[in-house]
Number of protein chains: 2
Amino acid sequence: MSTGSARPKTPVALAAPGSDGAGSKGSGGSEGATAFAPPRRATISDVAREAGTGKTSISRYLNGELAALSPDLRARIEAAIERLDYRPNQMARGLKRGRNRLLGLLLADLANPYSVEVLQGVEAACHALGYMPLICHAANEIDMERRYLQLLTTYRVEGVIVNALGVPESMLKPIGSGGIPAVLVDRTVDGLDADMVGLDNAAAARLGVQHLLAHGYDDLVFVVQPFERVSSRREREAAFRESIGESIGGPADASARTLAPHARSVRATTQVLDLREDASVEAALAALDAHIADAARRDARCALFAANAPVALRLALHLKAKFGVQWQQHAALIAIDDPEWAELAGITTIRQPTHEIGYRAVEFLHERIEGMALAARAAEFPGELVVRASTPG
Amino acid sequence: MSTGSARPKTPVALAAPGSDGAGSKGSGGSEGATAFAPPRRATISDVAREAGTGKTSISRYLNGELAALSPDLRARIEAAIERLDYRPNQMARGLKRGRNRLLGLLLADLANPYSVEVLQGVEAACHALGYMPLICHAANEIDMERRYLQLLTTYRVEGVIVNALGVPESMLKPIGSGGIPAVLVDRTVDGLDADMVGLDNAAAARLGVQHLLAHGYDDLVFVVQPFERVSSRREREAAFRESIGESIGGPADASARTLAPHARSVRATTQVLDLREDASVEAALAALDAHIADAARRDARCALFAANAPVALRLALHLKAKFGVQWQQHAALIAIDDPEWAELAGITTIRQPTHEIGYRAVEFLHERIEGMALAARAAEFPGELVVRASTPG
DNA sequence: CTGTTAGCGCTTTCAC
DNA sequence: GTGAAAGCGCTAACAG
């Protein structure tokens, strides 16, 4: 209630020129209670005065050039800083130095546990390397994504880590090879030639498929959100198809047969599930129901392979609604991503080393910021199979 | 790993300068591939030159003072900006203006869905009001919390939204009444007299208790993390006890009896569960098991009341491990917070209007930033009961 | 060892 | 209408 929608559509503010919010400004003085003029934060000059010295020495002290300060001066500075509760203004520092130690982190969807986990890795690395992550959450709105990318540019971050939805090419101009260093997480972006960190999708999909085949499932359905510009979705799906081909000795080489000696015929299908539209979800779910029913009729063992956690959740909810608490006995489910509730729901997953992914992303970025200028690299981490109740047999 | 602790205790800086990365610096020139000298971003001066005018006019244009510009000049400026792909440097702006439109958002734990949801509300409000949220994630580390608070100060954010773990008093000096405006979310902080936004804990606990009593449960156990400095935990627990008192016509007035006409005796206990320590978790869980077993023996109907989602998850995992998929039939569970998996797990919850909480927090802060100086306010939003399988009967 | 002098990129009087 | 000049808080040459 009373929240967003009906607000006066403010011009632009941060993102562009236009208005700067008329009003307020004049109301400056004393008004209600505690009218203490906000004790302006001390500046370096204040400290210099207080310590009876020049700004330079203060600056030196702040930057750890302690060797160049007499013990006495140093003590006075220390005291002055303490007395004034002085904190150097990072903005000013950044302005002067040309570097502000800010890293932009653009996340497509924080509601996806994957993002939060990667974030934690990013934070850890940032602390270790002395950066401050500026977290931007696109909330699945491609428009937000664009705005944030601009904003980051505007704040002159030294680098950006992008887990994109699908930036419209043009937005990329400022980042990448020419401009501010960038590293992609989980998915590549078409026009952009930058470092990339993520899951080894091919291996992960294969891992899942092999698990499923080994457990006797022979009707596999890969469920994934619309591919759009998300490379990982596409890669996972492709790997899903391929690894089935290999495993059952399809067009691939025969050596793979050892994996499934009793060469049987396996069905592989893909079902797109657009979580953004209820109608689409309904339709897809209905299709899936039909598929499952058909499989049962054919006496085939059907398993659903969710491309990621959000899809898995939707699927699990549906299966549970349809088959009850014991749904696992009616339809198998495996998913890439291992959210905390997977254990509770008893869903077999392929866990990504999210922390490492985030950590490495920052390391890559750091190297780039420090000047490294080689061809774009890619770090693909292996996933780990976590077997649970949803893939019995 | 390798993170903070062992750093050479340098004076101030971002938190710790010291090694500013020796090396690199000199390697400036041409190295590997694309050795294009990073095309320095255009500045306002560049634009002025390009447009054949002074910086002032550019600035005017940027700030929407279009009225003061001849159509011609305006057009030239527009073109120049376009040509140079110019973006004003927010840092510089902030430095000059004294306000940078940055809001600090200090979150205790992003892994808690609650935080993410509040965050979304905060973001929405920020966009509407023209702020840029600077998200800081303390990851349950009180030390991080302190560091971030300092950092925010250092970046001169205009205000902070704090969902604290327990800042050690001293850290609060800079924020609150005297210094930078702050608003607390979900929990108050002892020494701090600031605006506060959160759930109406008393009402929420009562809602849960009444639901439980109405369904015939008569042995209620409130499970909560160590109270420490987290006011909401304390409040919820207190309200839990009180509302049971009222409802069964304890010390409270008799009118409440209508809620539980057949005045029976109800047991109310509290169990602390420290999620940070495995040993503690084990012990608490064992105690709970004993309690449940005892209740069964006494033929009492026992229900667990989780103070928040993390606790609920831990509890549900345990119950499931103990009683199997059908655990809901052996022990009832209700929780404050309504994470997305609650539906899947079939857990009755009391949902918080998280989005609004975040939104309102920013509104409060905005008012404060704009100069309002009245006594601290508090906004307590009501929770909403969502009944699911975990509280049958 | 220490202070003086220029700015970083932008806004803002204050004249023209 | 438009621009020149003076800083915001800080760092980085250069002199002493």
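Below, chains carry the letters A, B, ... as their sequence lines are ordered, and counting in each starts from 1.
- For the ring pair (Phe, Tyr, Trp, His ring centres under 6.0 Å) test, no residue two or more places apart in sequence or in another chain qualifies with B:Phe364.
- A donor and an acceptor atom, one from each side chain of A:Glu78 and A:Tyr61, are located under 3.5 Å apart.
- Residues satisfying the side-chain hydrogen bond (donor to acceptor under 3.5 Å, both in side chains) criterion with A:Glu363, sequence neighbours excluded, are A:Arg360.
- In terms of phosphate contacts, A:Ser70 brings a side-chain nitrogen or oxygen within less than 4.0 Å of OP1 or OP2 of C:dT2.
- One finds no side-chain N or O of A:Asn89 lying less than 4.0 angstrom from the OP1 or OP2 phosphate oxygen of D:dC8.
- Rounded to an integer number of Å, the gap from A:Arg49 CZ to C:dG3 P is 14 Å.
- Taking only side-chain atoms of B:Ser59, from C-beta outward, the nucleotide of C:dC10, C:dG3, C:dT12 with the closest atom is C:dT12.
- Here D:dA13 presents its P atom at 12 Å from CG of A:Asn63, a figure rounded to the nearest Å.
- Taking atom CG of residue B:Leu66 and atom C1' of nucleotide D:dG1, one finds them 13 Å apart after rounding to whole Å.
- In terms of position on DNA chain D, the residue among B:Gly52 and B:Arg156 whose nearest nucleotide sits closer to the 5' end is B:Gly52.
- Contact annotation: B:Tyr86 side-chain N/O to C:dC10 OP1/OP2 distance is under 4.0 Å.
- Note: CD1 (A:Ile58) to P (D:dA12) measures 16 Å, nearest angstrom.
- Rounded to whole angstrom, the span from the CD atom of A:Glu65 across to the C1' atom of D:dA13 amounts to 12 Å.
- Rounded to an integer number of Å, the gap from CZ of A:Arg41 to P of D:dC8 is 18 Å.
- Rounded to whole Å, the distance from CZ on A:Arg87 to P on D:dG9 is 17 Å.
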What are the atom names and distances for every N/O pair under 3.5 Å that joins the protein to nucleotides 4-8 of chain C?
unit_1 : atom_1 : unit_2  : atom_2 : d
C:dT4  : O4     : A:Thr56 : OG1    : 2.4
C:dG7  : N2     : A:Lys96 : NZ     : 3.0
C:dG7  : N3     : A:Lys96 : NZ     : 3.0
C:dC8  : O2     : A:Lys96 : N      : 3.2

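- B:Glu158 places a side-chain N or O within 3.5 Å of a backbone atom of B:Asn100 that can act as its donor or acceptor partner.
- For the pair A:Tyr155 OH and C:dC10 C1', the computed distance is 14 Å after rounding to whole Å.
- Closest to the side chain of B:Ile44, from the set C:dT11, D:dT11, C:dT2, is C:dT11.
- Contact check for A:Ile369 versus A:Leu103: side-chain heavy atoms found under the 4.5 Å cut-off.
- Under the 3.5 Å distance criterion, the side-chain polar atoms of A:Asp195 are left unmatched by any main-chain donor or acceptor of A:Val183.
- Of the possible donor and acceptor atoms, none in the side chain of B:Asn63 sits under 3.5 Å from a partner among the backbone N and O of B:Glu65.
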